[in-house]
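Every value quoted in this text rests on a predicted model; they were computed, and no experiment measured them. Convention: sequence-line order gives letters A, B, ...; per-chain numbering from 1.
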Amino acid sequence: MTTTAAPLDVTALRADFPILSRTVRDGKRLVYLDSGATSQRPTQVLDAERAFLERHNAAVHRGAHQLAEEATDEYEGARQRIADFVGADFGELVFTKNATEGFNLVAYAMGNAATSGPEAARFVVGPGDEIVVTEMEHHANLVPWQQLAARTGATLKWFKLTPDGRLDLSDVDSVITPRTKVVAFTHQSNVTGVINPVDVLVAAARKVGALTVLDACQSVPHSPVNFRKLGVDFASFSGHKMLGPSGIGVLYGRRELLEALPPFITGGSMIELVKMEGSTFAPPPARFEAGSPMTSQAVGLGAAVDYLSVVGIERINAHEHDLTVAALEGLSSVKGVRLIGPSDAVNRGGAVPFEIEGVHPHDAGQVLDSLGIAVRVGHHCAWPLHRCLNAQSSVRATFYLYNTLDEVDALVDGVREAQKFFGVA
Amino acid sequence: MQLQQMYQEIILDHYKNPHGRGLRDPFDAESFQVNPTCGDEVTLRVKLDGEIVSDVSYDGQGCSISQASTSVLTDLVVGRPVGEAFKKMDAFVELMQSRGQIEPDEDVLEDGIAFAGVSKYPARVKCALLGWMAFKDAVARSQGAA
Ligand SMILES: Cc1ncc(COP(=O)(O)O)c(C=O)c1O
């Protein structure tokens, strides 16, 4: 038995991920440093999906036959295990297509509140109300709020960044005011890995009666997260960033809020009573899961959560921290490299963005790719953050449980290679 | 090595010493194009003298591929009738969409043939076409305004 304090046996873990043993670009060993975009899946997850399809596949919540029963049990069983993993109750988790859909669900449902019953009054936003976001947001937790503001006449406000890429919280009360209806912010930046002080923002929002919406895409896969303890009202994350399938995301909502929130997408499976004149809606989570849902993906995400729990999320977190420290150290030792965001690993997850003087990120990414190293280049769906940090775009390495210190070294060597190739070393 | 196939010397030369770079007056129309996946951008101006493209000037932020292809563009179109410039554009677009499957014609594309290797990398094709999209748009605007 290993204890949670023991370091990860990464070599053993890597054997669970078939893709990591393939080669790319003419026989180069794959160095996958792009888990922030999407993570790879262990055989345990792939097997769970396949087993579901081979043994239990049926439409869930629609039928009295044995397969329908089993499929429904598998689907709801996955929901329960995922709920346990993030500190939520069964009824507080809604399956979505991805995190992006989760944010849109909340934003559109709030937009529908004005024409819903009195129980939805707390969600209504309109002229004079304010919606607060941050300059650090992924577009997924920014554009839906811009759109809600545009549709309702509310005003969008945002927290700015400090020069090293952390939230500027020097004057919280001027941003979050009694007019604020929603505060939407990320737990951990997908670009810089910066971890935000959820407690400070939740306290400020509560003081003025505003709702909080947390982007947990980069926190849930990499650190122990308990939504109930964090005290946020809503949170959204994606399965594909946490060893699970694509095509499934999770929206968390405090039970009392989900019960009062009007629906976003309507149709089958989300109703209570349908007449030609109008319909009433099922209680959550069904109210927010219209139509035939994804099934093997939910089961796969359940298996991913099991896998993460067995390995131990704290150990994964500690391992990624070591890789981040090594990457920051290695990259800052290369002349001509500018780290974007904080230069230390304090309150920071496993994401390291940087620029190379004289080598455009796209070109750097190409050289790394030719060496088998997969990184992300561009603005990573966080254009405003890049503008704040004076970068047109960046190269970003992100780490997960299966990455090694060797791979960090390969990255640093690859950066030198890129400098050599473009004649700037 | 694959990298050299993509980054031909010609491309690196144009990248380091771009032709026609900088925004100039006078001009008939200007186009701003951006690649939404990476944020690369180009602003490109066209001056027409009747049917002849008399100047193309540009400024932008981008990778070596987008900068070099815009530099090559100026060589290919300046001094030529619009119709001929568009033929070259069509040939270049066809080359970029070929996934390395067609042999470019040096008489038509001159230095542009160096981008044949880039066409094997679908993610970079947009980079190579950024300046050309701006050129097409700017010519359309200047003709629309005329
Ligand atoms: C911080 C953050 N928020 C939101 C998203 C959007 O997730 P998805 O594209 O799976 O909806 C991502 C990933 O792309 C992310 O990293």
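- Annotation: Y58(B) is not in aromatic contact with F135(B) [ring centroid separation under 6.0 Å not met].
- Ranked by heavy-atom pairs shorter than 4.5 Å toward chain A, the options T37(B), N35(B), D40(B), L12(B) are led by D40(B).
- For H222(A) and H187(A), the gap between ring centers reaches or exceeds 6.0 Å.
- At a cut-off of 3.5 Å, with distance as the only test, no side-chain donor of H19(B) or T74(B) sits close to an acceptor on the other residue.
- Of the two parts of S64(B), the backbone and the side chain both hold a non-hydrogen atom closer than 4.5 Å to a non-hydrogen atom of chain A.
- Residues of residues 380-395 of chain A having a heavy atom under 4.5 Å from any heavy atom of chain B, listed by number: W383(A), Q392(A), S393(A).
- Using cut-offs of 30° and 60° for the angle between ring planes, the F92(B) and W132(B) rings count as parallel.
- Here the straight-line distance linking atom CH2 of W145(A) with atom CG of L156(A) works out to 10.5 Å at 0.5 Å rounding.
- Partner of R25(A) under the side-chain contact (heavy atoms from CB on, under 4.5 Å) criterion, out of I373(A), D369(A), L30(A), L371(A): D369(A) alone.
- Because its NZ or CZ atom is not both nearer than 6.0 Å to the ring centre of Y32(A) and within 45° of the ring axis, R22(A) does not count as a cation-pi partner of that residue.
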